[in-house]
Amino acid sequence: MSRRVLSLIADILWFCILSELVFAQLPEPPKLNYDMIPDFFQLPPGEHLVEPAGVAVNSKGHVYVFHRGKHPLMEFDSGKSLRSIADDLFVTAHMVRVDPEDNIWTADIGSHVVLKLSAEGRVLLALGRMRIPGDDVGHFNQPTDVAWDRDGNVYVTDGYGNSRVLKFDKYGNKLPG
């Protein structure tokens, strides 16, 4: 064998030995205390979740699942399906959150819109322009997430197309920063 091949074999052996020594010294990961509940969500007959993208819980313990199927935003109570919300407003689900007032927020990368819905499912605020991507203040290009601060300001990550974070007041007016 050539010196080059022998050197390569020696390097691989040293790598294996050193890796084993490093991993042998790592502590065992902690045991997570949870119980999995199979088939927790009881969907209506003929329905199924398609590419679930987000999940959120309101103050009553109702769970919202945002997915890419026939009824994108679904509400559950103790796993039982209660309803679907605003089916015609969504194109490609990405994120759902519930704010302290139990309003439902969604980011839809297909429609390029962030929506704030009341607990009843009525649109309270729309940020972006439906199905029109862009890079100015009035448009998003596949928004990915939303957060709010204690003053009611809204932060939107416009992460896929524009790689930016925009700040709005609680009425949807763009703020500096």
Side-chain angles (χ1 to χ4, degrees), residues 1-43 47-69 71-82 84-85 90-110 112-117 119 127 140-168 175 177:
M1 275 196 239
S2 72
R3 282 191 114 114
R4 191 174 192 162
V5 172
L6 289 173
S7 177
L8 180 61
I9 291 171
D11 287 345
I12 292 171
L13 286 173
W14 273 116
F15 177 77
C16 292
I17 291 168
L18 290 175
S19 296
E20 185 62 33
L21 289 173
V22 168
F23 287 119
Q25 295 176 9
L26 292 177
E28 188 172 321
K31 181 175 178 353
L32 300 176
N33 294 319
Y34 67 89
D35 293 320
M36 188 177 88
I37 303 172
D39 302 320
F40 175 74
F41 293 108
Q42 300 163 26
L43 297 164
E47 293 291 324
H48 58 280
L49 297 176
V50 178
E51 298 178 10
V55 62
V57 181
N58 72 9
S59 66
K60 297 176 186 174
H62 292 192
V63 177
Y64 297 96
V65 176
F66 201 32
H67 71 110
R68 296 177 181 171
H71 302 290
L73 183 57
M74 300 183 76
E75 182 178 0
F76 297 87
D77 183 15
S78 299
K80 294 183 180 118
S81 176
L82 297 179
S84 65
I85 303 168
F90 305 112
V91 178
T92 309
H94 191 73
M95 177 282 314
V96 62
R97 300 225 185 275
V98 176
D99 69 20
E101 288 82 40
D102 276 348
N103 297 305
I104 307 158
W105 292 78
T106 61
D108 186 319
I109 60 173
H112 308 287
V113 173
V114 170
L115 294 178
K116 175 184 179 182
L117 306 169
L127 300 172
F140 296 121
N141 190 346
Q142 300 181 354
T144 54
D145 206 350
V146 64
W148 46 92
D149 62 24
R150 64 176 164 247
D151 297 325
N153 297 311
V154 180
Y155 300 82
V156 176
T157 55
D158 193 17
Y160 287 134
N162 289 322
S163 298
R164 63 182 179 169
V165 178
L166 296 171
K167 180 180 178 183
F168 299 87
L175 296 174

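- We find the CG-CD1 distance between L82 and I85 to be 9.0 Å, quoted to the nearest 0.5 Å.
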(Q) Let's go through Y160 and N141 carefully: what are the C-alpha distance in whole Å and the side-chain angles of both, what is the deciding distance for side chain to side chain donor-acceptor pair (under 3.5 Å) to 0.1 Å, and is it a yes or a no? (A) CA-CA 7 Å; Y160 287 134; N141 190 346; over 6 Å; no
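- For the atom pair S84 OG and E75 CD, the distance stands at 10.5 Å (nearest 0.5 Å).
- In this structure a side-chain-to-backbone donor-acceptor pair under 3.5 Å is missing from D77 to K80.
- Remark: of the listed residues V96, V55, L49, L73, L49 is the sole one forming a side-chain contact (heavy atoms from CB on, under 4.5 Å) with H67.
- Between L127 and V113, the closest side-chain pair of non-hydrogen atoms is not below 4.5 Å.
- With sequence neighbours excluded, the residues forming a side chain to side chain contact (heavy atoms under 4.5 Å, CB included) with L175 are N153, K167, D169, listed by chain and number.
- For the atom pair CZ of R68 and CG of D108, the computed distance is 8.5 Å after rounding to the nearest 0.5 Å.
- Q42 CD to S81 OG: the interatomic distance, rounded to the nearest 0.5 Å, is 9.0 Å.
- Of all heavy-atom pairs between P143 and I109, the closest is O-CG2, 3.2 Å.
- Atoms OG1 and CD, from T92 and Q142 in turn, are 8.5 Å apart once rounded to the nearest 0.5 Å.
- A distance below 6.0 Å separates the ring centres of F90 and F66.
- Remark: N162 CG to T144 OG1 distance equals 10.5 Å, nearest 0.5 Å.
- When all heavy atoms of H48 and L43 are compared, the closest pair comes out as CA-CD1, 3.5 Å.
- Within a 6.0 Å sphere centred on CG of D149, heavy atoms belonging to other residues, nucleotides or ligands number more than 12.
- Side-chain contact between Y64 and V98: present, with at least one pair of heavy atoms (C-beta onward) separated by less than 4.5 Å.
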Q.
Walk me through whether D145 and R97 qualify under salt bridge (Lys or Arg N to Asp or Glu O under 4.0 Å).
A. CA-CA 9 Å; D145 206 350; R97 300 225 185 275; 2.7 Å; yes
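- In terms of the side chain to side chain contact (heavy atoms under 4.5 Å, CB included) criterion, residue partners of D99 (sequence neighbours excluded) are, by chain and number, E101, N103, W105, K116, W148.
- In terms of the ring-ring contact (aromatic ring centres under 6.0 Å, His included) criterion, residue partners of F76 (sequence neighbours excluded) are, by chain and number, F41.
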